[in-house]
Amino acid sequence: MDLLKTVFVVLHLLGLLAIIGSVVVRRGVPTPALVWGARAQIVTGLVLVGLNEAGDGDVNHTKVGVKLLVALAVAACAEIAAGRERRGQGNPNLVHAAGALAVVNTLVAVLWN
């Protein structure tokens, strides 16, 4: 079970890396890595909560709810930015918002005790 949790933590961090890396490297242009990283964050985060619930881990449901809400906002910004970019109506503000919200989510994860 510990190995499974470790694998999903690594995948969760790789999703964060895809979001932040896309925002920093492409500077306002949505990339497939941005969109897939946002999706990965939601899926792996939910799996990690489920694994903690199934094991002996103590889960703070309020924190999980806040993080899920922020993660959905990141995914929405990424998806909308990618859709607008495909139509030729790119908006770098949405990409930057996705990156900023990902950082906020990381701060919630680390600082909320």
Under 3.5 Å, which donor-acceptor pairs do the side chains of residues 89-98 form with other protein atoms, sequence neighbours left out?
| residue | atom | partner | partner atom | Å |
| --- | --- | --- | --- | --- |
| Asn91 | OD1 | Asn93 | N | 3.0 |

Quiz: residues 29-49 side-chain donor-acceptor pairs under 3.5 angstrom, not counting sequence neighbours:
| residue | atom | partner | partner atom | Å |
| --- | --- | --- | --- | --- |
| Thr31 | OG1 | Ser22 | OG | 2.7 |
| Thr31 | OG1 | Ala33 | N | 3.4 |
| Thr31 | OG1 | Leu34 | N | 3.1 |
| Arg39 | NE | Glu79 | OE2 | 2.7 |
| Arg39 | NH2 | Glu79 | OE1 | 3.3 |
| Arg39 | NH2 | Glu79 | OE2 | 2.9 |
| Gln41 | NE2 | His12 | O | 2.4 |
| Thr44 | OG1 | His12 | ND1 | 2.7 |
| Thr44 | OG1 | Ala40 | O | 2.6 |

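Both Leu11 and Leu13 sit in one connected hydrophobic cluster of ILVMFWY residues. Membership requires side-chain heavy atoms under 4.5 Å apart, directly or through other members. With hydrophobic clusters built from ILVMFWY side chains whose heavy atoms lie under 4.5 angstrom apart, Val64 does not share a cluster with Val108.
Closest heavy-atom contact between Val70 and Leu101: CG1-O, 3.4 Å.
Looking only at side-chain heavy atoms (C-beta outward), Leu51 and Leu4 come within less than 4.5 Å of each other.
For Asn52, the side-chain hydrogen bond (donor to acceptor under 3.5 Å, both in side chains) test picks out Lys5, with sequence neighbours left out. With sequence neighbours excluded, the residues that form a side-chain contact (heavy atoms from CB on, under 4.5 Å) with Thr62 are Asn60, Trp112.
Hydrophobic clustering, defined by side-chain heavy atoms of Ile, Leu, Val, Met, Phe, Trp and Tyr closer than 4.5 Å, groups Val110 together with Leu16, Ile20, Val24, Val103, Leu107, Leu111.
The salt bridge (charged side-chain N to carboxylate O under 4.0 Å, His left out) analysis of residues 50-66, with sequence neighbours excluded, yields no pairs. Within the structure, the salt bridge (charged side-chain N to carboxylate O under 4.0 Å, His left out) test picks out no pair touching residues 98-113 (sequence neighbours left out). Sorted by first and then second residue, the salt bridge (charged side-chain N to carboxylate O under 4.0 Å, His left out) pairs with a member in residues 91-113 form an empty list; sequence neighbours excluded. A salt bridge (charged side-chain N to carboxylate O under 4.0 Å, His left out) check over residues 81-108, counting only residues at least two apart or in different chains, returns nothing.
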